[in-house]
Amino acid sequence: MKTSFEHISTKVARDFVLSKGDNVVATITPGFCTLDLRAVFNGITMDDDGNNFHYDLKKNGVYPSMVMRPIPKEIKDLRAIQEGLVLQAKNGLRKFGLGTDTAPHLTEHKHREGGSCGQFWAPHAHEMYAWIFERLGILDDYPRFACDIMPDFYGIKDKLPKKTVTLKRMPLTIQDDYNGIIPPLAGQTIPWSVAYEQ
């Protein structure tokens with residue numbers, strides 16, 4: 001039986017997936033391979049060049065655009081997820097694939113008591129994945145992670161529409177708002193951009 005664990009966020013989950021055969025895989029979101037729990041409570045500020053971000057530990061509150069379920073974990077779990085991606089790239093494994101878990105909740109549904117959980121990565125998911133894959137030294141493995149692993153696992157790759165996605169190392173400033181939806185890193189500049197072609 002095939003089993004896919006969606007948007008894993010812990011070392012325990014990573015180790016479990018790695019310990020199983022080819023019938024067990026997992027998806028990793030942009031959030032769970034770049035952010036830890038401080039994103040939810042301290043917010044993030046990118047450097048002017050977009051190459052690094054910082055948590056503002058003087059701020060203590062909740063940043064609704066960063067809230068998802070499960071919530072981001074401690075830095076040891078973030079590092080474990082990143083190490084899993086590096087291990088996969090260096091050993092040709094097929095255990096972890098793209099899964100944005102993008103959640104387009106309107107601001108009035110997220111910024112309130114009992115607000116909706118989920119991060120809205122769709123407009124800049126490839127750019128964020130490129131950012132972390134470059135930092136991890138495995139950017140060449142990103143096309144396989146993004147386009148091959150999960151479609152092959154589900155046996156649907158030949159049925160998907162053919163599109164060309166070109167990553168460019170060119171700054172992108174993330175919009176503050178997408179029709180009433182605030183994305184993670186709203187207003188921040190990241191170093192990658194994407195061009196889509198049919």
Inset, instruction - Could you pull out all residues at least two apart from Lys90 that satisfy side chain to side chain contact (heavy atoms under 4.5 Å, CB included)? - result: Val86
Inset, instruction - Inspect the surroundings of CZ in Arg169 and state if more than 12 heavy atoms from other residues, nucleotides or ligands are less than 6.0 Å away. - result: yes
Inset, instruction - Could you list all the salt bridge (Lys or Arg N to Asp or Glu O under 4.0 Å) pairs where at least one residue sits in residues 179-195, not counting sequence neighbours? - result: none
Inset, instruction - Work out which heavy atom in Ser193 is nearest to a heavy atom in Pro171; give both atom names and the distance. - result: OG-O, 3.4 Å
Legend entry - Donor-acceptor under 3.5 Å (Gln82 side chain, Cys33 main chain): yes
Legend entry - Within residues 94-112 or reaching into it, pairs that qualify as salt bridge (Lys or Arg N to Asp or Glu O under 4.0 Å) - sequence neighbours excluded: Arg94-Asp152
Legend entry - Any Val194 side-chain heavy atom under 4.5 Å of His124 side chain: no
Legend entry - Where at least one partner belongs to residues 135-149, residue pairs that pass salt bridge (Lys or Arg N to Asp or Glu O under 4.0 Å), sequence neighbours excluded: Asp141-Arg144, Asp148-Lys157
Inset, instruction - Kindly check if the number of other-residue, nucleotide or ligand heavy atoms within 6.0 Å of NZ (Lys2) is above 12? - result: yes
Inset, instruction - Please tell me if the side chains of Pro123 and Ile174 come closer than 4.5 Å, counting only heavy atoms from C-beta onward. - result: no
Inset, instruction - Measure the spacing between CG of Leu18 and CG of Asn91 and express it to the nearest 0.5 Å. - result: 10.0 Å
Legend entry - By side-chain hydrogen bond (donor to acceptor under 3.5 Å, both in side chains) - contacts of Glu83 (at least two apart): Arg14
Inset, instruction - Hey, could you give me the OG/NE2 distance between Ser116 and His111, rounded to the nearest 0.5 Å? - result: 10.0 Å
Legend entry - Linked, directly or transitively: Met170 and Tyr196 (ILVMFWY side chains, under 4.5 Å): no
Legend entry - side-chain hydrogen bond (donor to acceptor under 3.5 Å, both in side chains) involving His7 - partner list, sequence neighbours excluded: none
Could you list the donor-acceptor pairs under 3.5 angstrom formed between side-chain atoms of residues 178-192 and any protein atom two or more places apart in sequence or on another chain?
from: Gln188; atom 1: OE1; to: Met46; atom 2: N; distance (Å): 2.7
from: Thr189; atom 1: OG1; to: Thr173; atom 2: OG1; distance (Å): 2.9
from: Trp192; atom 1: NE1; to: Glu134; atom 2: OE1; distance (Å): 3.2

Inset, instruction - Verify, without hydrogens or angle tests, whether Thr102 (side chain) and Ala122 (backbone) share a donor-acceptor contact under 3.5 angstrom. - result: yes
Legend entry - Set of residues satisfying ring-ring contact (aromatic ring centres under 6.0 Å, His included) with respect to Tyr55, sequence neighbours excluded: Phe53
Inset, instruction - Sequence neighbours left out, what pairs pass salt bridge (Lys or Arg N to Asp or Glu O under 4.0 Å) with at least one residue falling in residues 26-43? - result: Asp36-Arg38
Legend entry - Pairing residues for Phe32 by the ring-ring contact (aromatic ring centres under 6.0 Å, His included) criterion, not counting sequence neighbours: none
Legend entry - From Tyr129 atom OH to Leu139 atom CG, the distance as rounded to the nearest 0.5 Å: 14.5 Å
Legend entry - Atom pair CD1/CZ of Ile138 and Phe133 - distance to nearest 0.5 Å: 4.5 Å
Legend entry - Test ring-ring contact (aromatic ring centres under 6.0 Å, His included) applied to Phe96 - qualifying residues, sequence neighbours left out: none
Legend entry - Remaining members of hydrophobic cluster (4.5 Å side-chain criterion), Tyr154: Val25, Ile149, Met150, Phe153, Ile156, Leu160
Inset, instruction - Report the distance from atom CD of Glu74 to atom OG1 of Thr10, rounding to the nearest 0.5 Å. - result: 11.0 Å
Legend entry - Steps toward side-chain hydrogen bond (donor to acceptor under 3.5 Å, both in side chains) verdict (Lys73, Ser9): CA-CA 7 Å; Lys73 303 301 188 292; Ser9 62; 2.9 Å; yes
Inset, instruction - Group every Ile, Leu, Val, Met, Phe, Trp and Tyr by side-chain heavy-atom contacts under 4.5 Å, then state whether Ile75 and Leu35 land in the same group. - result: no
Legend entry - Closest contact, heavy atoms only, Tyr63 versus Asn42: CE1-C, 3.5 Å
Legend entry - Heavy-atom closest contact (Pro30 atom, Thr100 atom, distance): CD-CA, 3.9 Å
Legend entry - Cluster check Met68, Leu37: I/L/V/M/F/W/Y, side chain < 4.5 angstrom: no
Inset, instruction - List the atom of Gln119, the atom of Gly31, and the distance in Å for their closest heavy-atom pair. - result: OE1-CA, 3.8 Å
Legend entry - Within 6.0 Å of CG in Asp22, more than 12 heavy atoms from elsewhere: no
Inset, instruction - Report yes if the side chains of Thr3 and Asn23 come closer than 4.5 Å at any heavy-atom pair, otherwise no. - result: no
Legend entry - Contact summary for Phe16 and Ser19, nearest pair of heavy atoms: O-OG, 2.7 Å
Inset, instruction - Of all the heavy-atom pairs spanning Leu98 and Tyr142, show the shortest one and how long it is. - result: CD1-OH, 3.4 Å
Inset, instruction - Find the distance between CG (Leu106) and CG (Asp177) and round it off to the nearest 0.5 Å. - result: 9.5 Å
Legend entry - Hydrophobic cluster identity match, Leu78 and Leu85, side-chain contacts under 4.5 Å: no
